[in-house]
Structure formats: C-alpha cells, structure tokens
2 protein chains.
Amino acid sequence: MVKDHENFNFLHFLILVHLLSNGGKNNYLEVTSSQMSRLINRSQQTASKVLIDLERENLIERVKNNKKFGIKLTDEGYQSLKDIYEILKKSMEVSADKQIIFKGKIVTGMGEGAYYMSLEGYRKQFYNKLGYKPFPGTLNVKLIDARYINSRRDLINHPSIHIDGFRNSDRTFGWVKCYTATITAVARSSYTLNSTPQHYKEGNVHVLLLERTHHDNSLIEVIGPHNIKETLKLKDGDNVVIKIRE
Amino acid sequence: MVKDHENFNFLHFLILVHLLSNGGKNNYLEVTSSQMSRLINRSQQTASKVLIDLERENLIERVKNNKKFGIKLTDEGYQSLKDIYEILKKSMEVSADKQIIFKGKIVTGMGEGAYYMSLEGYRKQFYNKLGYKPFPGTLNVKLIDARYINSRRDLINHPSIHIDGFRNSDRTFGWVKCYTATITAVARSSYTLNSTPQHYKEGNVHVLLLERTHHDNSLIEVIGPHNIKETLKLKDGDNVVIKIRE
DNA sequence: ATTACTAAGGGACGAGTAG
DNA sequence: TCTACTCGTCCCTTAGTAA
C-alpha cells in the first residue's frame, strides 16, 4: 500500500520525518544516533540500526566526517514521505465531508409522528428553520445492522438544526434535532458502505431526533415537504439508504 | 513525539488510515480481519491482533454484528492521525523552501576567477541574467566539513541561472551555472545547521558552477556586484555561511 | 565523544485451531 | 465463514563493548 520495502516500520518513518522537518531534503544534517534515539524513544543501538537500514534501502544518504555522520534524505526517501503524506491528505479530505449513512427498512409507525407534526409549536419552527411545511406524518425506518444502530446512537453528537421545545396548556414538548439528509430507495438488501447501490429515486428530507422519544436506537424518523412514501413509491419492508450531510 | 502510547506501530497506522479514507470517522465500516490482513500484508491473526490493540487503546470502536464487526474511528483515533498529518504537513512545507547551506573559510584563489570575469562573453550574460556587472574576481570559499562538500557536489541538480559557453579565436569556454545566494560572515567556527550563528553583515551574491572546473568539490566560487571581501570586511581564514535559495 | 558489532531476552508474527 | 486463542519461531531491541 504505502511502502513495499519490507523493512519499513514506524521508527524508520519517524526518523525520516525528523530529517525532513530539519531541512534534510537539501542539506546533510549533522545528527547522531544518540540524538535520534532520544527522538524515537529507543536505545542508541536501535537508532544506529535504523540509520543503517535506511541507508541500505536508499532512503537516506550518509557521509562520514570524523566520527559523526552528515545525513540527507535521498529523492527516494523524500518520495516515500510524500506518498504517505498524500495518502493521509486524501484521507483527511474524505473525512472532512461528514456524511453518515444508514440503511434500513420502511416500517409503519405508531402514528405518533403525525401527531407531533400537526402541532403548531413545531410546524412554525420547521417552516422557519427547514424552509418547508413538513408533510403531516413521519416515515419510520427500521435499522437492522448493529453498525447503523450504533451510528444512530452517535447522531446526537453531530451538527443539527435545533427545534425548541414548548408548552401548551396541557403539557410540555421537548426539543427536536433535525439532520439534513437524502433518502434513496435501493433495489436489494446487498448494500454496504463499500458497494455501489442500484438506486431509484432520491428525496431531500430531514432525520429527526426527539428529546423525549420512546423509540430505541434502531428506529429513524424522517420528515420531508411531501409524502415520502408516495414520492419514492415505497412500501413497508422496502430498503432505503439515508445519507446525512452536515 | 507523535504518539506516546507505546504499542503504536506502522501496522496500527496503516489500519487507521484505511479506516479514515473509507469514511470510518463517521460510520461503522464493515471490515473483516482478513480484508485488513491483505491490506497490511500480514496474516489474519496479526490483523485481528492489531484491531484488538487499537480497540484497547481506544483508537477504534467496534460493534459486533453476527460474526463480523462494524468499526469506526474514535475521536482519539482520528486525532492521532490528524497529529501525524499536521507534523508531516509542516515538514513538507519546510522542505518546500529549498535552502541549501554551506559553511567554509575564505581562501585566496589562483587568479583564474578574475580572468574569467573579465571575458566579455561572460560579462554580457551576467549583466543580462543576473542584473549586475560582477566585480572582476571571485571569492573562493573552502569547505571543510564533508557534509558541505557533498552538498556542493549535489548542487548541479538544483535550479540555476544558466550562462552559455562561447568561443573566441583561441578556444572555447564552457557554460556556467549561477545560484542566487546570500553570504554572511560568522563570528566563530561553531556554526551548525541547528544553531543560530552570530552574524555580522550579509551580501547578495551568486555561487558559480563552471563546466570546466579544475576545482574539487571543497571549493566554492562566489561573485557579486562589489568586492565582497571589502564589503564584508573579510580576511583569508574568516568563516562565512552561504545560503542558496531557489 | 562517536558508530556499530555480538549475544541474549522479549515481543511480534503466523500456523493451527476452537468457538 | 467470522474472531481470536495458544504456542513456536524469528526478528527487533538492548546491554555490553570494541574501534
């Protein structure tokens, strides 16, 4: 993947990085094996061995002066670090897009959702903060895989649109967190994060997290401007993918 | 330096990177120890051990579903990678500035330099390409440390201003490569790349590399618009630092 | 002070295998 | 299939020491 020279371990990596960060790409640095050993938290002997290895693998060039060495990265040594850097960079960029994926089956809710959606205390905020008046009723998606159930549990830590709670004459109603998402119907149950799903239609929706929920973490409630079931032609038991974006 | 959890090796690093690049910061990925083993070029047993270690160190979170695991980076795991990334990034930035440093002593040249500087075939090009008419005569700097002698040998691979060779009725004259540099007189001979020199005065000059040189790699020839020795009050035997910038 | 060899101990790795 | 245990082997690390 990164380095197919067999003998490339973390110590080699650390030493190369240290050389690079001290100008070792263009200059022969005066570094001793004792200095290096302190840096990598190993003995002088080990540091010496690492330097010998790096030289053998043509990742550094050493020139002896008296007892000390002048050490410089070779082009190959620099390229090794650059390769690792590019891979890490790409990975960090991937992770910058905070997409969370759920997969589950459409189930029939208990009618609770429709009740909540009908309350003016929520509807006004939905309109102001989400930009639409939600279809009265939530789509319930049942998560099967433990992975998604865990992700659902972690959802509360992610950025969301906050709907305040309120009270009427009877009782108080808790806050609701809304997560911007897209929902997609999938053909078969073979979808994983790594495969490409055969998708049909996509809808822009919001996933809800209620302060006072009776639901377990295996159930997701979704709202949208229209009747999602109709728009996407969904029946109970159909598989859907929900992608949440920050 | 990077990671003081003792048991953090290159395999741990590779696995974390793979998870990150596949969205494992926000999702529980379905990855098996066999997949990982192929990725890191080790046995399934070793991959399994790595995953156990990473979980123990709280760098990943695993949730079992049937026999497989869903795996996600913890915040700490992500931070570990980010730390390494930031260090690498900083190192790459340092290396982007291609400064090369030489240290040596002023010596008296053989008068060759003055002769070459007087040739109109060179003087016209110096004026056009360097922006000044060089003082007739080169400053010769003797490199003592093998590190600098080696750097001098590598100089030919670095970007330079090219002065074409020419011929007159008698003979041909080779090309000359010019490297933009600053020269600084230093107080004592204690200067290394890592320490801060006590410098006196600085001059903008060019280091020359001649196609047909009789000099060994331990001698550097420097030209400038004025008499460098006088401007910097240099005597033979004085120490100077020459910094070359791209 | 350096670098680096040798010998010995311990930890990493993989084959076999259980659950 | 999966994960992960045991255990044998080998490599990595270090102390001692030479140059």
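Because the structure is predicted, anything quoted here is derived from the model rather than measured. Naming convention: chains lettered A, B, ... in sequence-line order (proteins, then strands); numbering from 1 in each chain.
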Using whole Å, what does the distance between atom [atom2] of nucleotide [N] and atom [atom1] of [X] come to?
| X | N | atom1 | atom2 | value |
| --- | --- | --- | --- | --- |
| Gln44(B) | dA15(C) | CD | C1' | 11 Å |
| Arg56(B) | dC5(D) | CZ | C1' | 12 Å |
| Leu11(A) | dG11(C) | CG | P | 16 Å |
| Lys67(B) | dT1(D) | NZ | P | 12 Å |
| Leu54(B) | dT3(D) | CG | C1' | 15 Å |
| Arg42(B) | dA4(D) | CZ | C1' | 18 Å |
| Ile60(B) | dT3(D) | CD1 | C1' | 13 Å |
| Phe10(A) | dT13(D) | CZ | P | 13 Å |

Give a yes/no answer on whether the side chain of [X] brings an N or O atom under 4.0 Å of OP1 or OP2 in [N].
| X | N | answer |
| --- | --- | --- |
| Arg62(A) | dA4(C) | yes |
| Thr46(B) | dC13(C) | no |
| Ser33(A) | dT3(C) | yes |
| Ser48(B) | dA4(D) | yes |

Check the pair Tyr28(A), Tyr148(B) against ring pair (Phe, Tyr, Trp, His ring centres under 6.0 Å), reporting the backbone distance first and the verdict last. CA-CA 7 Å; Tyr28(A) 289 82; Tyr148(B) 302 122; 9.1 Å; no
Going by atom types alone, do [X] and [Y] pair a side-chain donor with an acceptor below 3.5 Å?
| X | Y | result |
| --- | --- | --- |
| Ser218(A) | Lys142(A) | yes |
| Lys105(A) | Asn239(A) | yes |
| Ser34(A) | Ser37(A) | no |
| Glu61(B) | Thr74(B) | no |

Consider the side chain of Phe69(B), meaning its heavy atoms from C-beta on, and name the nucleotide among dT3(D), dT14(D), dT2(C) that approaches it most closely.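 Of dT3(D), dT14(D), dT2(C), dT3(D) is nearest to the side chain of Phe69(B).
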Testing dT3(D), dA15(D), dG14(C) for proximity to the side chain of Gln45(A), the answer is dA15(D)
For Leu51(B), answer base if it contacts any base atom (sugar-phosphate contacts may also be present), sugar-phosphate if it contacts only those atoms, and nothing otherwise; contact means non-hydrogen atoms under 4.0 Å. nothing
